[in-house]
Amino acid sequence: MLRRFITFALAAAWLVSSAGFAPTSARATVQSDPQKTDKKDEKKDETPQTPVAPPKTSKEPTAEQVAELVIYVYGSRERIEQIQRNSIERGRVTRSLDEGRTEEVTYERRQVRGGTSEKDKIRLDQKTPTMEYSLLYTDGRVWGIINGTPFTPRQETVAPFLANTQRGLNALLRYKEDGSTLAYVGKEKQKNIEMWVLDVFDKEKRRTRFYISTQKWRILWLEYEETPSAGAKPVQFKRTFHDYRYAQGQLVAYRSVFYVDGKQAEETNVLNVTFGTKMDDSIFKTADATAATTSEP
């Protein structure tokens with residue numbers, strides 16, 4: 001643990017100093033999240049102490065310096081690639097429905113990382129009060145299984161499923177592997193929290209904007225927009241991240257909240273996450289996949 005902290009501190013000091021900064025202390029100051037974070041969540045945060053944000057200076061960091069520092073904080077590129085090669089995440093999603101109603105969904109997400117996000121294999125098993133079904137991403141396409149029968153999901157089902165990868169944390173954490181480009185927007189301050197603002201443009205030129213704490217170098221939230229059809233008004237999406245904790249040396253946000261046009265649509269709570277678990281490749285495919293029907297539950 002001591003050697004990991006020393007290595008972390010040296011790497012962080014190098015990245016920060018290369019942008020014209022100089023750390024002033026080896027202890028972190030506690031800051032509240034721009035979105036309200038429960039005190040019980042703060043107690044669960046077992047992240048090691050890091051240097052405080054450097055004093056203000058006229059020289060700004062580059063987009064790559066910010067991105068690489070964030071990647072290091074989340075586990076470092078090499079360790080993320082090694083430890084997260086196989087992962088199983090289980091949790092609960094609370095979805096907002098019409099007329100103020102909510103729906104509770106339990107899920108299990110299994111993933112095998114490829115060299116790029118496009119080469120990942122993902123299986124998301126979901127259980128709602130009325131049904132159980134799975135969504136899978138393999139070979140660049142999405143399909144589903146219900147009661148052992150494959151089906152082709154509608155676009156409104158596919159879009160949020162893919163957004164977790166294409167417009168989630170990995171859009172930044174895997175920017176280099178995925179061939180994305182970066183743009184440093186500047187600094188912002190909200191509710192006494194100073195943040196770096198970074199844009200990530202994927203190979204399709206889709207932009208995802210990240211808001212990163214200059215104190216703890218964690219992603220606080222991300223924003224993006226999509227236009228559902230030609231001439232339609234763009235839809236604004238936002239996902240906030242809370243209750244950060246380490247799991248097997250990897251920084252994980254155990255709670256996230258998803259907003260659509262400013263209204264809360266989902267809240268996800270991770271119950272547990274395990275890395276390095278062996279998985280049979282058969283769970284990501286079925287012999288009947290090519291004969292999937294167009295119906296969806």
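No hydrogens, no waters, no symmetry mates; every other heavy atom, side chains included, goes into these values. Count residues from 1 along the sequence.
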Correct closest heavy-atom pair for Ala247 and Val252 would be CB-CG2, 4.1 Å

Taking the side chain as every heavy atom from C-beta outward, state whether Trp143 and Thr138 have any pair of such atoms under 4.5 Å apart. yes

(request) Determine whether Thr116 and Lys119 make a side-chain contact, defined as any pair of heavy atoms from C-beta on separated by less than 4.5 Å. (result) yes

dist Leu198:CG -> Thr62:OG1 (nearest 0.5 Å) comes out at 9.0 Å

**Report entry** Side chain Tyr175, main chain Phe201, donor-acceptor under 3.5 Å
**Finding:** no

Asp199 side chain vs Ala183 backbone, donor-acceptor pair below 3.5 Å:
no

Inset, instruction - Please determine if Asp125 and Lys127 form a salt bridge, counting it only when a charged side-chain N lies under 4.0 Å from a carboxylate O. - result: no

* **In one Ile/Leu/Val/Met/Phe/Trp/Tyr side-chain cluster, 4.5 Å: Val105, Leu97** => no

Between Ile71 and Arg77, the two heavy atoms sitting closest are CD1-NH2, 3.3 Å

- Task: Indicate yes or no: at least one non-hydrogen side-chain atom of Thr227 is less than 4.5 angstrom from one of Val235.
- Result: no

Handout entry: Pair Glu194 + Lys189, salt bridge at N-O below 4.0 Å
Key = no

Query raised in the report: What's the verdict on side-chain contact (heavy atoms from CB on, under 4.5 Å) for Arg167 and Arg239, showing C-alpha distance, side-chain angles and the deciding distance?
Result: CA-CA 9 Å; Arg167 314 301 285 271; Arg239 187 178 293 276; over 6 Å; no

Heavy-atom closest pair (Asp202 atom, Ser180 atom, distance to 0.1 Å) is CA-OG, 3.4 Å

Handout entry: Backbone of Gln264 reached by a side-chain donor or acceptor of Ser96 within 3.5 Å
Key = yes

To the nearest 0.5 Å, atom CD1 of Ile88 lies from atom CZ of Phe275 at 11.0 Å

Margin query: Using the rule given for side chain to side chain donor-acceptor pair (under 3.5 Å), can you reason through Tyr259 versus Glu223, listing the C-alpha separation, both sets of side-chain angles and the distance that settles it, and then say yes or no?
Written below: CA-CA 9 Å; Tyr259 300 86; Glu223 298 175 348; over 6 Å; no

Result for salt bridge (Lys or Arg N to Asp or Glu O under 4.0 Å) between Lys121 and one of Asp280, Asp281, Asp139 points to Asp281

ask   = Is the closest side-chain heavy-atom distance between Phe210 and Trp196 below 4.5 Å?
value = no

Does a side-chain N-to-carboxylate-O contact under 4.0 Å join Arg174 and Asp120?
yes

*For Ile212 and Leu172, what are the C-alpha separation, side-chain angles and deciding distance, and is it a side-chain contact (heavy atoms from CB on, under 4.5 Å)?*
CA-CA 11 Å; Ile212 302 158; Leu172 175 54; 4.1 Å; yes

In short, Arg110 meets Phe284 closest at the heavy-atom pair O-CE2, 3.7 Å

Rounded to the nearest 0.5 angstrom, the CD-CH2 distance for Gln190 and Trp221 is 4.0 Å

- Task: Decide side-chain contact (heavy atoms from CB on, under 4.5 Å) for Tyr224 and Arg207; before the verdict, give the C-alpha distance in whole Å, the side-chain angles of both, and the deciding distance to 0.1 Å.
- Result: CA-CA 6 Å; Tyr224 61 94; Arg207 185 189 73 174; over 6 Å; no

Is Tyr244 close to Tyr74 at the side-chain level, that is, under 4.5 Å between some pair of heavy atoms? yes

- Message: Counting only heavy atoms from other residues, nucleotides and ligands, does the tally under 6.0 Å from CD of Glu177 exceed 12?
- Response: yes

Taking every heavy atom of Leu182 against every heavy atom of Ala63, the minimum-distance pair comes out as CB-CB, 3.7 Å

*Between Glu89 and Tyr107: side-chain donor-acceptor atoms closer than 3.5 Å*: yes

Practice prompt. Take Gln248 and Thr274 through the side-chain contact (heavy atoms from CB on, under 4.5 Å) test and state the conclusion after the steps.
Written response: CA-CA 8 Å; Gln248 296 175 235; Thr274 305; 3.9 Å; yes

Separation between CD (Glu225) and OG1 (Thr208), nearest 0.5 Å, reads 11.0 Å

Separation between CG (Leu124) and OG (Ser134), nearest 0.5 Å, reads 7.5 Å

Margin query: For a 4.5 angstrom cut-off between non-hydrogen side-chain atoms, does Ile122 reach Asn164?
Written below: no

dist Asp261:CG -> Gln236:CD (nearest 0.5 Å) comes out at 6.5 Å

- Under a single-linkage definition using a 4.5 Å side-chain heavy-atom cutoff for Ile, Leu, Val, Met, Phe, Trp and Tyr, are Phe258 and Leu271 assigned to the same hydrophobic cluster? no

Task: Glu204 with Arg206: basic N within carboxylate O range, under 4.0 Å - done: no

When you measure from the side chain of Asn86 to the backbone N and O of Thr277, does any donor-acceptor pair fall under 3.5 Å?
yes

* Asked: Do Tyr211 and Glu188 touch side chain to side chain, with heavy atoms closer than 4.5 Å?
  -> yes

Would you indicate whether the side-chain heavy atoms of Gln84 and Gln111 approach each other to under 4.5 Å? no

Taking every heavy atom of Val273 against every heavy atom of Tyr254, the minimum-distance pair comes out as CG1-OH, 3.6 Å

